[in-house]
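Take a look at the structure below.
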Amino acid sequence: MGTPEISAEVFEAMILDGYRFVGLIAQPDRPVGRKGQLEKVPTKVVAEKYNIPVFQPVKIRKEYDFVKELRPDIIITLAYGQIVPQGLLDIPQYGCLNLHGSLLPKYRGAAPIQYALINGDKVTGMTLMEMVAAMDAGRMYAQKEVEISDEDNSTSLFKKMAVAAKELILEALPKYIDGQLKGVEQDETQVSFCPTIKPEQERLDLNLTSKEILGWIRGLSDHPGAYFILEEKKLKVFKAQIINDLVSAEVGTIVQADKRGLVVQLKDGQLSLLELQKEGKNRMDYKSFLNGNQGLLNKKLD
RNA sequence: CGCGGGGUAGAGCAGUCUGGUAGCUCGUCGGGCCCAUAACCCGGAGGUCGAAAGUUCAAAUCUUUCCCCCGCAA
């Protein structure tokens with residue numbers, strides 16, 4: 001069970017490693033883009049390539065009887081996107097395993113990879129765990145750490161996590177089936193959550209510290225992108241760098257706008273904006289942006 | 001028929017309302033200045049103005065149709 005690109009990668013790696021799938025469960029295809037055309041979810045593309053049956057129930061909570069007929073030995077889940085009901089968890093004889101994008105018990109929930117960046121973590125990882133009714137609360141069978149570099153953003157970290165997820169499942173699944181993995185209960189005192197990021201959270205809050213703002217920029221880049229407001233319009237920032245801890249102007253003021261950089265004052269330092277996109281325009285580097293947007297010095301972002 | 005912005009030199013933009021010599025910033029090439037430079041000065045190259053049709057003496061600009069890109073919403 002899985003839906004987005006990272007799920008598709010791991011799915012295909014398992015197929016190529018010799019695992020036989022009796023079916024794929026994914027979220028329904030959704031209209032994408034301005035034309036509202038339906039686009040196949042990434043895992044579905046892989047499933048069709050290998051002639052694996054695809055199931056896309058609108059509400060898995062109610063529609064899961066078909067799974068009994070598939071007679072799966074085990075169910076593997078990665079970023080499916082719906083809560084899986086107990087009735088479904090009870091079907092496979094070897095149970096249900098979930099690949100989660102954090103080092104549990106930290107970051108239970110929908111957006112663990114983004115939150116690792118938002119919080120400026122240096123390390124995160126994938127956890128292979130038992131699925132239970134409570135979200136991401138089951139026993140842990142194996143983990144694989146992933147280092148986060150300063151250059152990482154959401155896109156690059158997802159790629160690293162996909163690699164880790166492939167390695168983890170291919171190493172650990174045979175051991176699990178042989179009963180070699182005992183599983184460890186999660187330390188409930190260390191649990192933290194990372195709910196879905198809402199659209200209003202994509203707007204950068206000038207009350208935050210420079211590190212926190214940089215975290216949001218990295219966590220939301222390349223998609224959907226975090227933004228400031230400049231002259232009533234959204235100004236997305238995809239890449240930025242903290243250049244010093246000076247405070248020489250009011251927070252939000254553009255203190256430099258020339259070929260050396262486009263720099264905004266934050267409450268505890270100055271942030272150089274490197275890749276931007278104004279509403280209705282293409283994404284570009286700061287030099288191009290400044291060529292077409294002159295006179296920005298001393299203006300304010302909100 | 002969901003709402004909105006846009007397509008002009010390699011890049012980013014102005015010019016379109018009010019038709020009349022193709023403009024700005026940057027890059028690039030050549031030269032100069034300097035101990036030196038991403039700084040400064042001088043000069044050059046580089047455009048079928050997204051496409052097609054129409055109106056006009058004359059269209060980047062007005063009319064019509066089409067193509068493509070982006071933001072929002074889903």
Side-chain angles (χ1 to χ4, degrees), chain A residues 2-5 7-8 25-45 54 56-63 79-83 110-111 114 118 151 153-155 158 195-206 213 216-244 246 248 252-264 270-302:
Chain A
T3 304
E5 192 57 43
S7 315
I25 302 176
Q27 291 273 47
D29 295 338
R30 303 231 184 265
V32 168
R34 280 166 286 277
K35 292 179 180 172
Q37 287 178 340
L38 282 181
E39 187 162 294
K40 291 176 185 173
V41 299
T43 42
K44 182 177 184 176
V45 174
V54 178
Q56 297 175 287
V58 175
K59 288 190 177 174
I60 193 76
R61 182 182 294 275
K62 293 179 180 169
E63 313 168 47
Y80 168 54
Q82 291 190 45
I83 303 278
Q114 289 90 334
I118 288 168
E151 287 75 37
N153 65 11
S154 179
T155 302
F158 260 92
T196 308
I197 294 167
K198 293 174 184 156
E200 55 266 30
Q201 292 178 285
E202 293 164 15
R203 179 167 173 175
L204 293 165
D205 182 351
L206 288 168
I213 286 182
W216 279 97
I217 290 170
R218 294 170 68 206
L220 297 183
S221 182
D222 302 281
H223 299 284
Y227 63 90
F228 290 111
I229 298 290
L230 173 64
E231 295 170 334
E232 316 279 309
K233 294 200 170 176
K234 288 186 183 179
L235 179 64
K236 287 191 180 178
V237 183
F238 293 104
K239 193 174 172 189
Q241 189 178 9
I242 297 170
I243 54 172
N244 60 46
L246 297 175
S248 61
T253 306
I254 294 170
V255 293
Q256 184 177 76
D258 57 40
K259 63 181 65 172
R260 288 169 302 167
L262 173 58
V263 180
V264 60
Q270 298 183 330
L271 187 70
S272 180
L273 311 181
L274 300 174
E275 282 190 36
L276 312 136
Q277 180 174 30
K278 192 154 79 171
E279 201 174 315
K281 295 295 188 178
N282 290 315
R283 173 174 169 170
M284 63 190 78
D285 61 34
Y286 73 92
K287 287 185 182 176
S288 293
F289 180 79
L290 289 171
N291 280 334
N293 293 275
Q294 295 175 27
L296 287 180
L297 193 61
N298 295 326
K299 288 198 174 163
K300 283 194 65 183
L301 300 175
D302 289 311

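Below, chain A is the first sequence line, B the second, and so on; all start at residue 1.
When each of A:Glu279 and A:Lys233 is assigned the nucleotide of RNA chain B bearing its nearest heavy atom, the one mapping closer to the 5' terminus is A:Lys233. Each of A:Met284 and A:Gln294 lies near RNA chain B, and the nucleotide nearest A:Met284 is the one positioned closer to the 5' end.
Between the C1' atoms of B:U8 and B:U16, the separation comes to 11 Å (whole Å). B:C67 and B:G20: their C1' atoms are spaced 30 Å apart (whole Å). Across the C1' atoms, B:A14 and B:C24 are found 7 Å apart, a figure rounded to whole Å. Comparing the same atom, P, in B:C40 and in B:U64 gives a spacing of 47 Å after rounding to whole Å. Here, B:A9 and B:A60 have their C1' atoms 14 Å apart, quoted to the whole Å. With both ends at atom P, the span from B:U61 to B:G4 equals 23 Å, rounded to whole Å. A gap of 12 Å separates the P atoms of B:C49 and B:A59, to the nearest Å. The same atom, C1', is picked in B:A73 and in B:C29; the two are 48 Å apart, to the nearest Å.
The partner of B:G4, taking Watson-Crick or G-U wobble pairs whose two distances both stay under 3.5 Å, is B:C70. Pairing of B:A51, defined by two Watson-Crick or G-U wobble distances under 3.5 Å, is identified with B:U65. Searching all strands for a Watson-Crick or G-U wobble partner of B:G30 with both distances below 3.5 Å returns B:C42.
Residue A:Lys281 has a polar side-chain atom (N or O) positioned under 4.0 Å from OP1 or OP2 of B:C13. Between A:Lys278 and B:G12 there is no side-chain N or O to OP1 or OP2 distance below 4.0 Å.
Contact record, A:Ala240 with A:Ile217: CB-CD1, 4.0 Å, taken as the closest heavy-atom pair.
In this structure, the CZ atom of A:Arg203 is 16 Å from the C1' atom of B:G71, given to the nearest Å. With rounding to whole Å, A:Leu262 atom CG is found 22 Å from B:A38 atom P. Atom-to-atom, CZ of A:Arg283 to P of B:G71 comes out at 11 Å; the value is rounded to the nearest Å. The CD atom of A:Glu232 sits 18 Å away from the P atom of B:G4 (whole-angstrom rounding). As rounded to whole Å, 20 Å separates atom P of B:U37 from atom CG of A:Asp258. Atom-to-atom, CZ of A:Phe238 to P of B:C70 comes out at 11 Å; the value is rounded to the nearest Å. If you take OH of A:Tyr286 and C1' of B:G27, they are 13 Å apart, rounded to a whole angstrom. Rounded to whole Å, the distance from CZ on A:Arg260 to P on B:C26 is 14 Å.
Residue A:Ser288 has its side chain nearest to B:A11 when only B:A11, B:A73, B:C26 are considered. Of the candidates B:C70, B:A11, B:C72, the closest approach to any side-chain atom of A:Asn291 belongs to B:A11. In this structure, the nucleotide among B:A39, B:C72, B:C70 sitting nearest to the side chain of A:Lys259 is B:A39.
Results of the side chain to side chain contact (heavy atoms under 4.5 Å, CB included) test with A:Phe238 over A:His223, A:Arg218, A:Glu275 single out A:Glu275 as the only residue that passes.
A:Lys287 comes within 4.0 angstrom of nothing in the nucleic acid, heavy atoms only.
A cation-pi arrangement, defined by a distance under 6.0 Å to the six-membered ring centre and an angle within 45 degrees of its axis, is present between A:Lys234 and A:Tyr227. With a 6.0 Å cutoff to the six-membered ring centre and a 45° limit on the axis angle, A:Arg203 does not count as a cation-pi contact of A:Phe228.
In the displayed structure, A:Lys300 atom NZ is contacted under 6.0 Å by more than 12 heavy atoms of other residues, nucleotides or ligands.
Between atom CD1 of residue A:Ile25 and atom CD of residue A:Gln56 there is a gap of 10.5 Å, rounded to the nearest 0.5 Å. For the atom pair CG (A:Leu262) and CG (A:Leu274), the distance works out to 9.0 Å, reported to the nearest 0.5 Å.
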